[in-house]
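Below is one structure, written out as structure tokens, with a few remarks after it.
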Amino acid sequence: MTSIRRERADSLRGAGNPRARYRRILRFAAWHLAVTWWFELFLPRVGLRRLTERNRANRMRRFARRFHGLAVELGGLMIKVGQFMSSRLDVLPPEITSELEGLQDEVPPVPFHAIRALAEAELGASLEAVFASVEETPIAAASLGQAHRAKLLSGNAEDTGLSSVVFKVQRPGIAEIVDVDLAALRQVGGWLSRIRLVSNRADVPALIKEFAQTSLEEIDYLNEAANSERFAADFADDARVTVPAVVWERTTRRVLTLEDVTAIKITDADSLRLAGIDPTEVAPVFASVMFDQLFTKGFFHADPHPGNIFVTPANDPSSEHPWKLTFIDFGMMGEVPMETRSGLRKLLIAAASRDGKGLVTAISDVGVLMQSADTAELERAMTQLFARFGGMGFAELRDVDPREFREFGTEFGSVIRSLPFQLPENFLLIIRAMSLTSGVCSSLDARFNLWDSVEPYAAQLLRDERGNLINDVASQTLEAAAIALRLPKRLDGLVSRLEEGSLQVGNRRLERQMASLILTARRAVAALIFGALLIAGAVLRTDDPGLGNVLMISSAVPLLYGLWSGRRQS
């Protein structure tokens with residue numbers, strides 16, 4: 001009872017005053033939405049666009065600094081929102097993304113006594129009875145939980161084959177904090193959905209619903225453990241990837257115990273070089289593994305920031321794979337439905353082949369571009385984009401004259417704004433994963449060229465697609481042939497039943513459908529007979545010209561019958 005009271009007290013301290021927290025988030029959002037409306041919508045309409053553009057960068061920095069401070073102070077999902085914003089290099093300006101970058105790691109730890117109280121309440125025993133030892137200093141402090149190193153007791157170590165483990169515990173009161181934050185985000189989403197410029201581009205309430213589902217799954221460590229094992233099964237035969245084993249006996253909904261696989265942080269270039277690993281060789285492998293998750297397996301790590309990916313040197317440096325990518329933290333995972341995955345594969349193939357028209361078609365298939373859009377201008381803009389910047393790495397892009405970027409950006413931006421884009425619900429995590437992947441690869445190699453990884457991967461996808469197409473065509477051809485062979489017998493039976501009067505039809509619509517079926521069957525049979533006589537005549541004509549000519553001429557009879565029956569029916 002005492003431990004429950006202590007846990008409840010820690011929970012309340014962690015969550016603070018829920019109403020005050022809720023109001024503070026809404027005040028922050030309302031103020032900055034009002035400022036954005038004033039400077040970005042109202043002033044340009046009254047002829048003061050230059051004033052707006054002159055101080056835009058400072059406004060963005062000021063907003064990012066304020067949000068950074070709010071997120072660090074409040075914690076919870078505000079950290080997650082900031083992390084997502086920091087990864088959106090494709091949408092948000094650098095004044096915002098660079099300021100929020102530190103939120104990936106900058107989270108103050110929870111005092112160990114609060115962690116101990118929650119863990120012991122979950123496990124039903126003191127930590128000394130569960131572990132041989134636990135380090136009180138955390139090795140990682142995240143927005144929803146923190147991790148400590150520990151040693152298993154000898155009996156558990158023998159059973160699991162593990163000795164050193166990582167003991168991950170939720171932050172006290174995090175469930176209450178998540179509930180408050182989600183309520184505030186839903187309210188902000190409602191505001192945004194009333195702004196036509198936003199609602200035409202994205203279903204904000206649906207995106208927040210997806211974010212809420214992901215966040216609630218992330219604070220369920222049993223779900224994370226199951227995700228870990230599913231991810232490990234997906235890459236069981238891939239020598240490039242490894243995943244920590246789960247110690248299920250020491251895992252609950254709020255406590256997770258895993259194999260200690262801590263190695264070299266993927267973006268720690270100096271440590272990689274000391275271990276004899278070239279960082280520029282890690283980047284394309286990491287990109288390829290992420291492509292596999294998104295485009296092939298359909299189950300992907302949606303939070304691949306540098307703190308969640310390690311490079312583990314192999315015990316034998318002379319092996320085929322002298323190092324492996326070790327993924328941890330499977331709380332935020334995404335699934336790509338088959339139809340979306342197919343669209344993404346087409347998009348990747350089009351991008352790799354610099355096919356502007358194909359890329360626009362793939363974007364429409366994925367659901368990002370509404371079907372009503374006039375895509376001619378977008379196709380032209382994408383073709384120009386590929387012609388000028390396609391194939392360039394980030395370092396090469398830095399050397400391009402900024403004025404050229406501005407001119408192209410102005411033209412391209414006007415085209416984008418004129419089209420009815422939308423953000424599908426399941427795209428939030430896909431965009432986050434790809435943004436983080438791009439950022440990690442660029443930090444490993446300043447001259448990293450994403451095309452170098454995309455092109456061979458897309459070529460393999462194209463070969464797979466062609467193979468599937470051939471199989472599909474062959475299957476459909478055999479199916480059609482089987483139907484054609486069965487059709488005369490089925491038609492004969494149908495006609496017999498009609499003549500005998502054993503087939504009763506009392507519905508005029510059904511009668512019309514039956515007549516249409518009979519017509520189709522007659523024409524199909526006539527076409528089969530026509531084809532058979534024509535081919536037989538052509539084959540026999542070399543040995544017996546007379547018979548061959550007769551058969552070829554007579555083939556016109558079923559052909560004319562099929563055409564005549566169609567006209568007569570109509």
Side-chain angles (χ1 to χ4, degrees), residues 57 60-61 64 82-106 240-241 263-294 301 303-313 321-327 348 351-352 354 385-409 412 431-458:
M60 296 297 175
R61 279 192 212 94
Q83 289 176 346
F84 178 74
M85 291 168 66
S86 73
S87 69
R88 293 308 309 274
L89 302 174
D90 56 331
V91 174
L92 297 176
E95 291 83 5
I96 291 179
T97 56
S98 59
E99 181 66 35
L100 298 179
E101 207 170 24
L103 283 173
Q104 302 288 7
D105 300 306
E106 184 189 338
R240 303 170 300 171
V241 178
I264 304 171
K265 186 176 177 179
I266 190 169
T267 52
D268 187 351
D270 293 336
S271 297
L272 288 173
R273 292 190 188 94
L274 285 174
I277 301 171
D278 185 351
T280 62
E281 294 179 359
V282 175
V285 174
F286 176 60
S288 177
V289 169
M290 291 303 299
F291 290 159
D292 277 342
Q293 296 172 45
L294 285 161
H301 198 301
D303 196 20
H305 68 75
N308 286 338
I309 317 292
F310 296 97
V311 178
T312 305
H321 295 278
W323 50 268
K324 294 185 176 185
L325 292 171
T326 302
F327 287 76
L348 189 70
R354 317 290 200 274
L385 175 68
F386 283 131
R388 178 62 186 92
F389 305 114
M392 285 189 176
F394 286 99
E396 294 172 293
L397 290 173
R398 293 193 192 102
D399 297 333
V400 176
D401 187 342
R403 287 175 298 182
E404 186 177 355
F405 269 133
R406 281 196 297 271
E407 290 172 4
F408 186 84
F412 191 74
I431 292 172
R432 174 179 173 79
M434 290 310 299
S435 297
L436 288 172
T437 300
S438 178
V440 168
C441 290
S442 299
S443 65
L444 286 166
D445 181 3
R447 303 193 67 83
F448 176 75
N449 187 337
L450 190 62
W451 301 106
D452 291 341
S453 295
V454 167
E455 286 175 342
Y457 194 87

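As the structure is a computational prediction, the values presented were derived from the model and not from experiment.
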Minimum-distance pair of heavy atoms, taken over all atoms of [X] and [Y]:
X    : Y    : result
F291 : M434 : CE2-CE, 3.6 Å
P304 : V440 : O-CG2, 3.8 Å
F448 : A283 : CD1-CB, 3.7 Å

Atom [atom1] of [X] and atom [atom2] of [Y]: how far apart are they, to the nearest 0.5 Å?
X    : Y    : atom1 : atom2 : result
I266 : F327 : CD1   : CZ    : 7.0 Å
S442 : R447 : OG    : CZ    : 12.5 Å
L325 : R240 : CG    : CZ    : 8.0 Å
I264 : I277 : CD1   : CD1   : 5.0 Å
L444 : E281 : CG    : CD    : 11.5 Å
H301 : L294 : NE2   : CG    : 12.0 Å

query = For D303, does its backbone N or O pair with a side-chain atom of N308 as donor and acceptor, under 3.5 Å?
reply = yes
message = So does A433 get a backbone contact from the side chain of T437, meaning a donor-acceptor N/O pair under 3.5 Å?
response = yes
request  = Identify, with sequence neighbours excluded, every residue that meets salt bridge (charged side-chain N to carboxylate O under 4.0 Å, His left out) alongside R61.
outcome  = none
request  = Classify the side-chain pair T267/S443 by whether it contains a donor and acceptor separated by less than 3.5 Å.
outcome  = no
task = Using a 4.5 Å cut-off on heavy atoms from C-beta on, say whether the side chain of W323 contacts that of L272.
result = no
